[in-house]
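Comments concern the structure below.
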Amino acid sequence: MIILRYSITCWFFFLSISSFAQGYFEITEDVAEAYRLSSTLQFDLARKKIAEIKISEPDNLLVYHAENYIDFFTIFINEDEDEYNRLEKNKKIRLKKLRTGNKNSPYYLFVEAEINLQWATARGKFGEKFKPLREIYRAYKLLEENQKRFPNFIANKKSLCIIHALGESMPGLLKTIMGVTGSIELGTSEIKAVIDYSNTNDFVFNDESYAIYAYILFFQNNKREEAYNLLKEANLDHSKSPLLCFLKANIAQKTGRTKEAIKILNERPRGDQYFDFPYLDFMYGKFMLYNLNPEAKTYMLKFVEEFNGRHFIKEAYQKLAWYELVTNEDIVSYKKYMELCQTQGYALVDEDKQALKESKEKEIPNMTLLKARLLFDGGYFAKGYNLLIRKSYLFIESSEYQLEFNYRMGRLTHELKSYTDAIKYYKKTIENGKKQDSYMACNSALQVALIYEKQGNIKLAKHYFDQCTDISPKEYKASLHQKAKSGLNRIKYLMK
């Protein structure tokens, strides 16, 4: 009887301990490996590791953060609405688990903020507006509070810097009503501090931090070469990460290094252990098209045949149409792909909107100007410039193509650093195109502003940034105005 009472007492004692055990947050070796597997898209191995952690470290709540990465990347890459609706319920389950953790840990608020940011980004793929705003605001308040409580917790800055860097150009609702504030300078200084820490410490978010820093340098600070050099010198191994392949190839191509971008994509990891990333095939095909390579079609077709998501499908059909025009001079196939451009995919991002607009116009692009555009997009500036100079006699008297000819010449001379010529061509484009639907006048105003900003002529830079926001094209309006607002935010401190 005594033994029985003792056994019952012990049973209740251990039950009470397990019932009230508080979860903790610790980056153990296994948790770090779960993060690495999730962020390199090795999802099956990541799930296996996460299952092991839930047995060996049942109260280590960081496992739910690593698990959320899998859902986030799955939704972000696949863009499958049914999958999105199925996985969405996991957010509440994970947050409920996390809230049982140690409130005195700097990870307590940080992880909840991270999950909110990831879901806000994922929702953007499906055109949602209000839920993402609420989640961004929730993340912002959590990170700000966490920063006050744990000012030396470096991971906090990794996420907070994104909101701060975008703060000045965020929707008015977030800025005025919800009180989200920040600046490009603040966000940049925060991510720079994270990188400095990562360079001297074993930091689980190292690769992700470099990706954020490159993004902020490239898009918010307009420091493209600095962003490229950052990634080049960081020694990030893209051969083991499809996401790093995407990032490094994208930045290399946008800085005029298309051959290097193709090489990076050729070196991407392959095999059943990696989650399929079809967009990399489209990137590869598109980059090959920029040099008028006949093999481009194979990879773009692979993308439209295998990808069941929402974005860049219309653009892919547009690029297939362009391929037929510049490679085969096949107008029948051009029209076939442009018809598919109208019926397939969604017009949610600027590239797809522009492709849809072109498909509805029913006009066949001028082959010379289209080749010059592709060569420019690929960074083959001298080749494109020489093509247009040789064929300039075709456009001098042509009112139909004069706007685009001036625009293409402006873009090419700009990249060739012939700034006086570039400004001349851009101004002609602005004058002739500011009342048209085309994006060319709007982007010309932006490019003139960037030239003047680089030259230190802040007054003229402001004038053309303002002019950019005053022009309302039907395509690329959101992204062009966003870049102009970022420019105005950069120079406003220099005007005081």
- Between Y439 and Y407, is a ring pair (Phe, Tyr, Trp, His ring centres under 6.0 Å) present by the stated rule, with each step listed? CA-CA 10 Å; Y439 67 92; Y407 177 72; 5.8 Å; yes
- Stepwise side chain to side chain donor-acceptor pair (under 3.5 Å) check, Y426 with H414: CA-CA 9 Å; Y426 282 144; H414 185 171; 2.9 Å; yes
- Message: Run the ring pair (Phe, Tyr, Trp, His ring centres under 6.0 Å) test on F405 and Y401 for me, step by step, so that the C-alpha distance in whole Å, both residues' side-chain angles and the decisive distance to 0.1 Å come before the verdict.
- Response: CA-CA 6 Å; F405 173 77; Y401 296 115; over 10 Å; no
- Task: Quick one: do Y290 and Y380 satisfy ring pair (Phe, Tyr, Trp, His ring centres under 6.0 Å)? Show the steps, please.
- Result: CA-CA 8 Å; Y290 291 153; Y380 306 104; 8.2 Å; no
- Task: Assess whether ring pair (Phe, Tyr, Trp, His ring centres under 6.0 Å) is satisfied between H65 and Y35, documenting all intermediate values.
- Result: CA-CA 8 Å; H65 187 207; Y35 275 121; 5.3 Å; yes
- Run the side chain to side chain donor-acceptor pair (under 3.5 Å) check on N116 and K91 step by step: do they pass? CA-CA 8 Å; N116 274 284; K91 180 193 173 188; 3.1 Å; yes
- Report the C-alpha distance between T188 and N221 in whole Å, list the side-chain angles of each, state the deciding distance to 0.1 Å, and finish with yes or no for side chain to side chain donor-acceptor pair (under 3.5 Å). CA-CA 8 Å; T188 304; N221 288 277; 3.1 Å; yes
- Message: Working note: N443 + Q447, criterion side chain to side chain donor-acceptor pair (under 3.5 Å); need CA distance, chi angles, decisive distance, verdict.
- Response: CA-CA 6 Å; N443 194 36; Q447 298 305 320; 3.2 Å; yes
- Does the side chain to side chain contact (heavy atoms under 4.5 Å, CB included) test come out yes or no for L460 and Q455, once each step is laid out? CA-CA 10 Å; L460 281 176; Q455 294 176 340; over 6 Å; no
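Counting only heavy atoms from C-beta outward, the side chains of F312 and K286 never approach each other to under 4.5 Å. You'll find the side chain of I262 stays beyond 4.5 Å of the side chain of Q253, heavy atoms only. The shortest distance between side-chain heavy atoms of C161 and V194 does not fall below 4.5 Å. Side-chain contact between S159 and F110 is present, with at least one heavy-atom pair separated by less than 4.5 Å. The closest side-chain heavy-atom distance from D421 to K424 is below 4.5 Å. For the pair H481 and L446, the minimum side-chain heavy-atom distance is 4.5 Å or more. Proximity of Y346 to D352: side-chain heavy atoms (C-beta onward) are nowhere separated by under 4.5 Å. Between N366 and E404 there is no side-chain heavy-atom pair separated by less than 4.5 Å.
Remark: Y84 engages F126 in a ring-ring contact (aromatic ring centres under 6.0 Å, His included) (not counting sequence neighbours). Every residue was checked against the salt bridge (charged side-chain N to carboxylate O under 4.0 Å, His left out) condition with E145, not counting sequence neighbours, and none meets it. The side chain to side chain contact (heavy atoms under 4.5 Å, CB included) check on K454 picks up Y419, with sequence neighbours excluded. Taking the side-chain hydrogen bond (donor to acceptor under 3.5 Å, both in side chains) definition, one finds that K434 meets it with nothing, sequence neighbours left out. Residues passing the side-chain hydrogen bond (donor to acceptor under 3.5 Å, both in side chains) test with N68 are R94, Q118, W119, sequence neighbours excluded.
A382 approaches L416 most closely through the heavy-atom pair N-CD2, 4.0 Å. For S479 against D350, the heavy-atom pair with the smallest separation is OG-OD2, 2.9 Å. In this structure, M283 and A249 approach most closely via the heavy-atom pair CE-CB, 4.0 Å. The shortest non-hydrogen separation linking C245 to P269 is SG-CD, 4.1 Å.
Here the two rings, on F282 and Y299, have centers that are 6.0 Å apart or farther.
Atom CG of D202 sits in a sparse spot, with 12 or fewer heavy atoms from other residues, nucleotides or ligands closer than 6.0 Å. A 6.0 Å sphere centred on OH of Y279 holds more than 12 heavy atoms belonging to other residues, nucleotides or ligands.
Using a 4.0 Å cut-off between charged nitrogen and carboxylate oxygen, E112 and R138 count as a salt-bridge pair. With respect to the salt-bridge test (charged N to carboxylate O, under 4.0 angstrom), the residues E135 and K131 do not qualify. Remark: E79 engages K125 in a salt bridge, criterion side-chain N to carboxylate O under 4.0 Å. Using a 4.0 Å cut-off between charged side-chain N and carboxylate O, E144 and K148 make no salt bridge. Electrostatic pairing of E351 and K319 does not count as a salt bridge here, judged by no charged N lying under 4.0 Å from a carboxylate O. Ion pairing of K248 with E267 is absent here, as no side-chain N (NZ or NE/NH1/NH2) approaches a carboxylate O to less than 4.0 Å.
Of the inter-residue distances, the one linking R490 atom CZ with E185 atom CD reads 9.5 Å to the nearest 0.5 angstrom. Between S189 atom OG and I184 atom CD1 the span is 12.0 Å, to the nearest 0.5 Å. For the atom pair CZ (F72) and CG (L117), the distance works out to 9.5 Å, reported to the nearest 0.5 Å. Between the CD atom of E358 and the CD1 atom of I364 there is a distance of 9.0 Å, given to the nearest 0.5 Å. Between the CD atom in E190 and the CD1 atom in I154 there is a gap of 9.0 Å [rounded to 0.5 Å]. Rounded to the nearest 0.5 Å, atoms CZ (F303) and CG (D281) are 9.0 Å apart.
Evaluated for a side-chain contact (heavy atoms from CB on, under 4.5 Å) with R268, the options L243, L280, L244 yield exactly one hit, L280. L230 pairs in a side-chain contact (heavy atoms from CB on, under 4.5 Å) with only one of the listed residues (L217, I251, L236), which is L217.
Side-chain atoms of Q354 do not come within 3.5 Å of backbone N or O of E475 as any donor-acceptor pair. Panel note: side chain Q220, backbone A165; a donor-acceptor pair is recorded below 3.5 Å. In this structure a side-chain-to-backbone donor-acceptor pair under 3.5 Å is present from K314 to Q344. The closest donor-acceptor contact from the side chain of S198 to the backbone of I195 lies at 3.5 Å or more, if one exists at all. Using a distance-only test at 3.5 Å, with no hydrogens or angles considered, a donor-acceptor pair links the side chain of T413 to the main chain of G410. A donor-acceptor pair under 3.5 Å is formed between the side chain of N201 and the backbone N or O of Y197. Panel note: side chain S241, backbone H238; no donor-acceptor pair is recorded below 3.5 Å.
Using bins of under 30°, 30° to 60° and over 60° for the plane-to-plane angle, the ring pair F153/F150 lands in the perpendicular bin.
Here side chain to side chain donor-acceptor pair (under 3.5 Å) pairs that include residues 222-232, with residues two or more places apart or in two chains, are E225-R257, Y228-E260.
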